[in-house]
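Remarks on the structure that follows.
All figures in this text were calculated on a predicted structure; none of them were measured in a lab. Below, chain A is the first sequence line, B the second, and so on; all start at residue 1.
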2 protein chains.
Amino acid sequence: MPEEPKTERGRRTRERIVAAAAGLVERQGAEATSLDQVLAEARASKSQLYHYFADKHALIRAVIAWQTATVVDGTAEQLAGIDSWDGLDAWFDTLVAHQQALDCRVGCPIGSLAAELADTDEAARQDLARSFDTWAAQLRAMLDRLRDRGLIRPDADTAALAQSTLATVQGGLLLAKTSRDPQRLRAALTAAGGYLRSLAPLPGRAAP
Amino acid sequence: MPEEPKTERGRRTRERIVAAAAGLVERQGAEATSLDQVLAEARASKSQLYHYFADKHALIRAVIAWQTATVVDGTAEQLAGIDSWDGLDAWFDTLVAHQQALDCRVGCPIGSLAAELADTDEAARQDLARSFDTWAAQLRAMLDRLRDRGLIRPDADTAALAQSTLATVQGGLLLAKTSRDPQRLRAALTAAGGYLRSLAPLPGRAAP
DNA sequence: ACATAACTGGACTGCGTGGTCCAATCGGGC
DNA sequence: GCCCGATTGGACCACGCAGTCCAGTTATGT
């Protein structure tokens, strides 16, 4: 019953609805966001919404896809440019600055949705798990680069490091959002960076 | 209008309601839990609920207090016994085992509530921030003990380390819950422990 | 120009929700 | 036994919610 838009006009309507929903969900959570709110913000009507989405769950899943495209793919280019400790620190700085600019009010949209929906909406949970996985894969690619440059021990498990780094970032964002204090995020990132640095090849032992 | 219970019977009724609410909120989130659900599970009536709580917000705040008493104060005794790396690892192991036993379905009740309520309910946000703070304080006390035993450099900022450790634990729980995979938590904890160990006094340099 | 499909507006519905109200019951003190 | 406040049961209400429906309008292809 719900279909992809077949015309340019339809595509834009759908996009407007998803973008409005994403903004509201980011600020209030999925459950707390009503469809009427979304439609008011998107300046659209009920029939438009149900023309493109089967129900609210489907809309939320579209929001997840939208946020994934925005957040994860958005950081992809930043991550792709990192090949030194300075580059890593610079990325961390932008994360803290971004939270500070937003008064620590949103944290990570993916993380918030994950916390809310993981035990409620199985399909959404899987989508979010995939988002985290692609994010972790990007982190891992960056860590591989650092390893290839000799900044990290060759035998380090970069996949596991990507997971732990992502975890620390998410946790830091959660604490910062809860306490409205960007320093919580800063502390977390300092630890994440410090751990990676501690995995540098031992200085006294030359490579064979 | 809402009052403290004045009799033993009242105290037990209130407790039953809060416990039922805590269980449901832990599984479904606060917004998704209805008062009727709570009352059915607690085998209580509307008037009983509104006899002790002003409104749903007040009930949720009581749930936060209940979970804080359960989770934070619950780990306090475990944390209090840690004075070595082995002790730390043992605590980490119990965390992973606990998640595994629950099929990674709940994560941390405090963390989940924080993610959901931080930008919606200001009073709840402050309560949760306080919960995190007392949790961090307990972690810090443990880290101070490790430092006093010479396992961590004397100049280490244990307050910041407590924050980062807490962040990594929370993030690991979130990733594990989202992917239904306890290994995500394991990876995060390995990193948290590894970072702390990297702050050991330099072996080649004796204390003055 | 016409047929056909895509899209849109908004009234409408049924239901679950948080919250109110009051009469009934309980139980300890006197 | 009697009193009085603490407690309880549950009917009731107003309302916001997700979801339905259909008549109307706009675009597309030929």
Side-chain angles (χ1 to χ4, degrees), chain A residues 1-22 24-25 27-64 113 116-117 120-124, chain B residues 1-22 24-25 27-64 113 116-117 120-124:
Chain A
M1 208 65 171
E3 294 159 29
E4 294 294 293
K6 312 240 152 125
T7 69
E8 179 58 22
R9 182 161 66 125
R11 224 210 80 256
R12 279 214 295 256
T13 299
R14 203 194 112 112
E15 167 70 17
R16 239 166 52 232
I17 293 173
V18 175
L24 287 164
V25 167
R27 272 175 271 135
Q28 317 175 332
E31 192 79 22
T33 298
S34 77
L35 299 184
D36 288 336
Q37 261 182 306
V38 172
L39 295 174
E41 184 128 331
R43 238 139 338 127
S45 72
K46 270 278 166 75
S47 55
Q48 287 174 292
L49 200 169
Y50 280 94
H51 190 69
Y52 297 113
F53 305 98
D55 54 12
K56 193 182 178 182
H57 285 282
L59 174 61
I60 295 299
R61 294 189 64 191
V63 167
I64 292 172
L113 281 168
E116 183 181 359
L117 301 175
T120 295
D121 184 334
E122 175 61 18
Chain B
M1 208 64 171
E3 293 159 29
E4 295 294 293
K6 310 239 152 120
T7 70
E8 179 57 21
R9 184 162 64 124
R11 224 211 81 256
R12 279 215 292 257
T13 299
R14 204 196 111 111
E15 167 70 16
R16 240 168 50 235
I17 293 173
V18 175
L24 287 164
V25 166
R27 272 176 270 134
Q28 316 174 332
E31 192 79 22
T33 298
S34 77
L35 299 183
D36 288 337
Q37 260 182 308
V38 172
L39 295 174
E41 184 128 331
R43 240 145 329 132
S45 71
K46 271 280 169 72
S47 55
Q48 286 174 293
L49 200 168
Y50 280 93
H51 191 68
Y52 297 113
F53 304 97
D55 53 13
K56 193 182 178 183
H57 286 282
L59 174 62
I60 295 299
R61 294 189 64 191
V63 167
I64 292 172
L113 281 168
E116 183 181 358
L117 301 175
T120 294
D121 184 333
E122 174 62 17

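The distance from atom NE2 of H57(B) to atom P of dG18(C) is 11 Å, rounded to the nearest whole Å. Distance OH (Y50(B)) to C1' (dC12(D)): 14 Å, rounded to an integer number of Å. With rounding to whole Å, R12(A) atom CZ is found 13 Å from dA27(D) atom C1'. The distance from atom NZ of K56(A) to atom P of dG16(C) is 16 Å, rounded to the nearest whole Å. Distance L35(A) CG to dG19(D) C1': 9 Å, rounded to the nearest Å. Residue R11(B) contributes atom CZ, which lies 17 Å from atom P of dA6(D) at whole-angstrom precision. Taking atom CD on Q37(B) and atom C1' on dG18(C), their separation rounds to 14 Å, with Å as the unit. Rounded to whole Å, atom C1' of dG10(C) lies 14 Å from atom CG of L49(A).
With E116(A) contributing its side chain and G29(B) its backbone, the two residues share no donor-acceptor pair below 3.5 Å. Counting only distance, with no hydrogens or angles, the side chain of D36(B) and the backbone of L39(B) share no donor-acceptor pair below 3.5 Å.
Taking 4.0 angstrom as the limit, S34(B) places a side-chain polar atom (N or O) nearer than this to OP1 or OP2 of dT17(C). Residue Y52(B) places no side-chain N or O under 4.0 Å from the OP1 or OP2 atom of dA6(D). Between T7(B) and dT7(D) there is a side-chain N or O to OP1 or OP2 distance below 4.0 Å. Contact annotation: Q48(B) side-chain N/O to dT7(D) OP1/OP2 distance is not under 4.0 Å. For the OP1/OP2 pair of dC21(D) and a distance below 4.0 Å, the side-chain nitrogens and oxygens of S47(A) include no atom meeting the criterion.
Within 4.0 Å (heavy atoms only), F53(A) reaches no atom of the nucleic acid at all.
Distance check: Q48(B) CD to I17(B) CD1 gives 6.0 Å after rounding to the nearest 0.5 Å.
Across every non-hydrogen atom of K56(A) and A30(A), the tightest pair is NZ-O, 3.2 Å.
For K46(B) against dG19(C), a side-chain N or O and a base N or O form a donor-acceptor pair under 3.5 Å.
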Margin query: Evaluate R14(B) against H51(B) for side chain to side chain contact (heavy atoms under 4.5 Å, CB included), listing each step before the verdict.
Written below: CA-CA 9 Å; R14(B) 204 196 111 111; H51(B) 191 68; over 6 Å; no
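In this structure, R9(B) and D36(B) both approach DNA chain C, and ranking their closest nucleotides by distance from the 5' end singles out D36(B).
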